[in-house]
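No experiment lies behind these values; they were computed from the predicted model shown. The sequence lines fix the lettering, A, B, ..., with proteins before strands; numbering per chain opens at 1.
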Protein chains: 2
Amino acid sequence: MSFDKDDSAGYLANHMARLFAAALTRRIAPLGLMPGQFMVLLELWREDGLTQRDLVERLDVEQATMANTLNRMERDGLIARAPDAADRRARRVRLTDRARALEAPATEAATEVNARALARLAPGDRARFSEMLQGVIAALRADR
Amino acid sequence: MSFDKDDSAGYLANHMARLFAAALTRRIAPLGLMPGQFMVLLELWREDGLTQRDLVERLDVEQATMANTLNRMERDGLIARAPDAADRRARRVRLTDRARALEAPATEAATEVNARALARLAPGDRARFSEMLQGVIAALRADR
DNA sequence: CCATATTACATAGCAAGCTATCCATACAAG
DNA sequence: CTTGTATGGATAGCTTGCTATGTAATATGG
C-alpha cells in the first residue's frame, strides 16, 4: 500500500547515477576532469569540430546546459571555440592538445568504474542489464 | 576499441536518471513539489519527526545537500523544524498538513512514472531489473 | 526584396548534488 | 571539572541539470 523507495525504479535510478558519478569523479578528478566534461569529450574524441547544437542532440541535454559546460571546458583549457565559416551563428568546438591527451586515461577510468559496478551481476546478465537500461530510456523518451 | 557511451552503464545511468527526474517533475510540479523534496517526504510519510541526520542516512545524500533541501521545503511550507528536547544540537523535522495531504497524489504520480518507464520490459523482467539496480548500487557503495 | 520564422547561442536564475569549513553542543578520558 | 574529540547542523562555493528569455544570423513565403 505504501510506496517503498527501495522498490521504485526512479529512486534507484537516481541513487545509482549519483554513485556512478561519484565513482567516476574520484578517478578522473586527478586528470582535471569532471563527469559532465567527460561526456562532451567522448563525442569530440569520436568527431572533433562539432557545433554546440550537434553536442546537444547527441548527449540529450538542454542547450543552456551545454553552453555552460562548454564555458567551463574552455576556461579549463579543454576546448577552443572558433566561428563556423559558413554560418556565423555557429561556433565549432575543437579539442586542445591537452584534451586529446586525456582520452586513454579517462576512458580507462570509466571502463574500470563500469566493471566494478557490474561486478556483482552474473556475467550473462551484464549485457541484459544494458539492454534493459536502453529500453527504459526509450520508454521515458517516448513518454516525454 | 573506442569507448561507446551507449554501451556504458554509467552513461546510461545518468541518462536514465535525468529522464526519470524530468518525468516525475512534470507530474509533481503541479503539486508544488520537486523530486528532491519528494524523496524526503517519502521518509517523513513513513516516519514523521526524523532528524536531519536520520534523513541523511536513509537517503544516502550528504548532510549539506539535505540541509539545503530542508531549507527549501521549510520555505515552501512542507515541513517545520523544532528543537529536540534531549539534544539541543538536533532539530526534529515535522510534516505540515499541506505535506501530509500530498502523499496520495504524489505517490500515485511516482507509481505512474515507474509503470511507464518499465512498460517496454517483459513483465517478468521488471522485478529482475530492480534487483539488478540494487546489485549495482551495492557494488558501487562497496567500492566507495 | 522584405517581413517573418526559425535557428544557434548566451544569460539569468533555480534545484539538487558535491566538498570544505565553521559553530555549538554533547560526550569521554584524565 | 576540564579538556579534547565527536556529532548535528549551517554556510559558502562549485558542477550539472533545468526553464525562460534575449539576441544575432539565417531561411523562407508573399
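- A donor-acceptor distance shorter than 3.5 angstrom exists from the side chain of A:Trp45 to the backbone of A:Ala99, with no hydrogens or angles considered.
- Atom CG in B:Leu70 sits about 13 Å away from atom C1' in D:dG8, given to the nearest Å.
- At a cut-off of 3.5 angstrom, the base of D:dA10 holds at least one donor-acceptor pair with the side chain of B:Gln63.
- Considering B:Arg91, B:Glu57, B:Gln63 in turn, B:Gln63 is the only one that fulfils the side chain to side chain donor-acceptor pair (under 3.5 Å) rule with B:Gln52.
- Going from atom CZ of A:Arg53 over to atom P of C:dA10 covers 13 Å, rounded to whole Å.
- Side-chain contact check for A:Asn114 and A:Thr111: no donor-acceptor pair (N or O, by modelled atom type) lies under 3.5 Å.
- Rounded to whole Å, atom P of D:dT16 lies 12 Å from atom CZ of B:Arg18.
- For B:Ala64, whose side chain is taken as the heavy atoms from C-beta onward, the closest listed nucleotide among D:dA12, C:dA15, C:dA26 is D:dA12.
- Side-chain atoms of B:Arg89 come within donor-acceptor range of the base of D:dT7, with a qualifying N/O pair under 3.5 Å.
- Contact annotation: A:Arg81 side-chain N/O to C:dA10 OP1/OP2 distance is under 4.0 Å.
- Candidate nucleotides C:dC18, D:dG17, C:dC9 were compared by shortest atom distance to the side chain of B:Val61, and C:dC18 ranks first.
- Here the side chain of B:Met34 is nearest to one of C:dA10, C:dA16, D:dT16, namely C:dA16.
- The separation between B:Glu62 atom CD and C:dA15 atom C1' is 17 Å, rounded to whole Å.
- In this entry the distance linking CD1 of A:Ile28 with C1' of D:dT15 reads 12 Å, nearest Å.
- Not a single donor-acceptor pair, N or O on each side, falls under 3.5 Å between the base of C:dA15 and the side chain of B:Gln37.
- A close approach under 4.0 Å does not occur between any side-chain nitrogen or oxygen of B:Arg72 and OP1 or OP2 of C:dC14.
- A straight line from CG of B:Leu55 to C1' of D:dG9 spans 13 Å, rounded to a whole angstrom.
- Taking atom CZ of A:Phe20 as the reference point, atom P of D:dT16 lies 18 Å away to the nearest angstrom.
- Counting non-hydrogen atoms under 4.0 angstrom, B:Met39 reaches the backbone sugars and phosphates but no base.
- Judged purely by distance below 3.5 Å, without hydrogens or angles, the side chains of A:Asp76 and A:Gln37 pair a donor atom with an acceptor atom.
- The pairing partner recorded for C:dT4 is D:dA27, the criterion being a Watson-Crick or G-U wobble arrangement whose two distances lie under 3.5 angstrom.
- Taking every side-chain heavy atom of B:Ala67 into account, D:dT11 is the closest of D:dG9, D:dT11, C:dT11.
- You'll find that the side chain of B:Arg88 is closest to C:dT25, out of D:dT15, C:dC9, C:dT25.
- A:Arg91 has its CZ atom 16 Å from the C1' atom of C:dT7, to the nearest Å.
- Across B:Ala21 and B:Pro35, no two heavy atoms sit closer than the pair O-CG, 4.0 Å.
- Comparing D:dA10, D:dG13, D:dC18 against the side chain of B:Asn68 picks out D:dG13 as the nearest.
- Glycosidic conformation of C:dA26 is anti; the angle lies outside 90° of 0.
- Taking only side-chain atoms of B:Thr65, from C-beta outward, the nucleotide of D:dT11, C:dC18, C:dT25 with the closest atom is C:dC18.
- Here C:dA26 is the nucleotide among C:dA8, C:dA10, C:dA26 with the atom lying nearest to any side-chain atom of B:Asp87.
- Within the 4.5 Å cutoff, side-chain heavy atoms of A:Arg18 are placed close to those of B:Val61.
- The side chain of A:Arg75 contributes an N or O atom lying less than 4.0 Å from OP1 or OP2 of D:dT15.
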